[in-house]
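Atoms within a ligand are numbered from 1 in the order they appear, just like the ligands themselves. Everything numeric in this text was worked out from a predicted model, so none of it was measured.
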Amino acid sequence: MRILIVEDEEKLAGILLRSLRGEGYAVDAATTVAQGLEMALTVHYDLIILDLLLPDGSGTSLLTALRQQRYNAPVLVLTARGDVDTKVENFDAGADDYLTKPFAFAELLVRVRALLRRGPVVKASTLRIGDLELDRMTRQVRRGSQRIELSPKEYSLLEYLMLNPGRVLSRSMIIERVWDQSFEGLTNIVDVYVRQLRKKIDDGFEPKLIRTVRGVGYAIGTDGAP
Ligand code: CA
């Protein structure tokens, strides 16, 4: 899941960036309406966290511009102004949720998870492939009766695979959705993480769920082919 933060308050943006990355999300940051718009239209984001008072204009104008281009990722608006008019104006402009500053990170996180689950269309809170289950609200993973502990990045990788069952995902697609602009390594990071993930969800279980498609990438499914 890749998130864009548009926030000009350096300290708050920094805290959000670090905290959300700590949860395993890929997170990029913009500080102006112009930069936010350019990034949103370049990279596929699953969620935008948008401040309303930006140096070159209002977050509302950015939101309006995105919705006019049929941009349908959920948008969580952040602002110090908690008045009803501002809320109504932004819901009208296409905001999906609203958080008034100051807020507790725990509350932001609950809303982020709920919005990511909702996405452009409502998705089930639990993803299932065979006997593998991933709960997107509690972020718990089980195979059969066994609880599986994953690191935040392993979780993000598995979630991306499970949201696309049977579809072959290339290393660069995986990098773009699971890692962010801060990532400067090689695409073989994907192979390293897939290996770790396999150890946890496939070793000792049948059938094997993660498939390698040589020269292309990876897929998850129960059909075994190719
Ligand atoms: Ca601001």
>> Are Lys101 and Asp51 packed together at the side-chain level, in the sense that at least one heavy-atom pair is separated by less than 4.5 angstrom?
In response: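 Yes. Closest side-chain heavy atoms under 4.5 Å.
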
> Taking C-beta and beyond as the side chain, do Leu52 and Ser58 meet within less than 4.5 Å on heavy atoms?
Replying inline: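 Result no, sub-4.5 Å side-chain heavy-atom pair not found.
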
> With a cut-off of 3.0 Å, does any N, O or S atom of Glu9 fall short of it relative to the Ca ion (ligand 1)?
Replying inline: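 Looking at Glu9, which is the residue asked about, there is no N, O or S atom under 3.0 Å from the Ca ion (ligand 1).
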
>> Let me check your reading of the structure: within less than 3.0 Å of the Ca ion (ligand 1), is there an N/O/S atom from Leu53?
In response: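 Checking the Ca ion (ligand 1) against Leu53, an N, O or S atom does fall under 3.0 Å.
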
>> To 10 degrees, how wide is the angle OD2 (Asp51) to the Ca ion (ligand 1) to OD1 (Asp8)?
In response: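 Vertex at the Ca ion (ligand 1): approximately 90°.
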
>> I'd like to know whether the aromatic ring centres of Tyr25 and Trp179 sit less than 6.0 Å apart in this structure.
In response: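 No, the ring centres sit 6.0 Å or more apart.
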
>> Any donor-acceptor pair under 3.5 Å linking the side-chain atoms of Thr60 with those of Asn90?
In response: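 Result is yes, a qualifying pair exists.
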
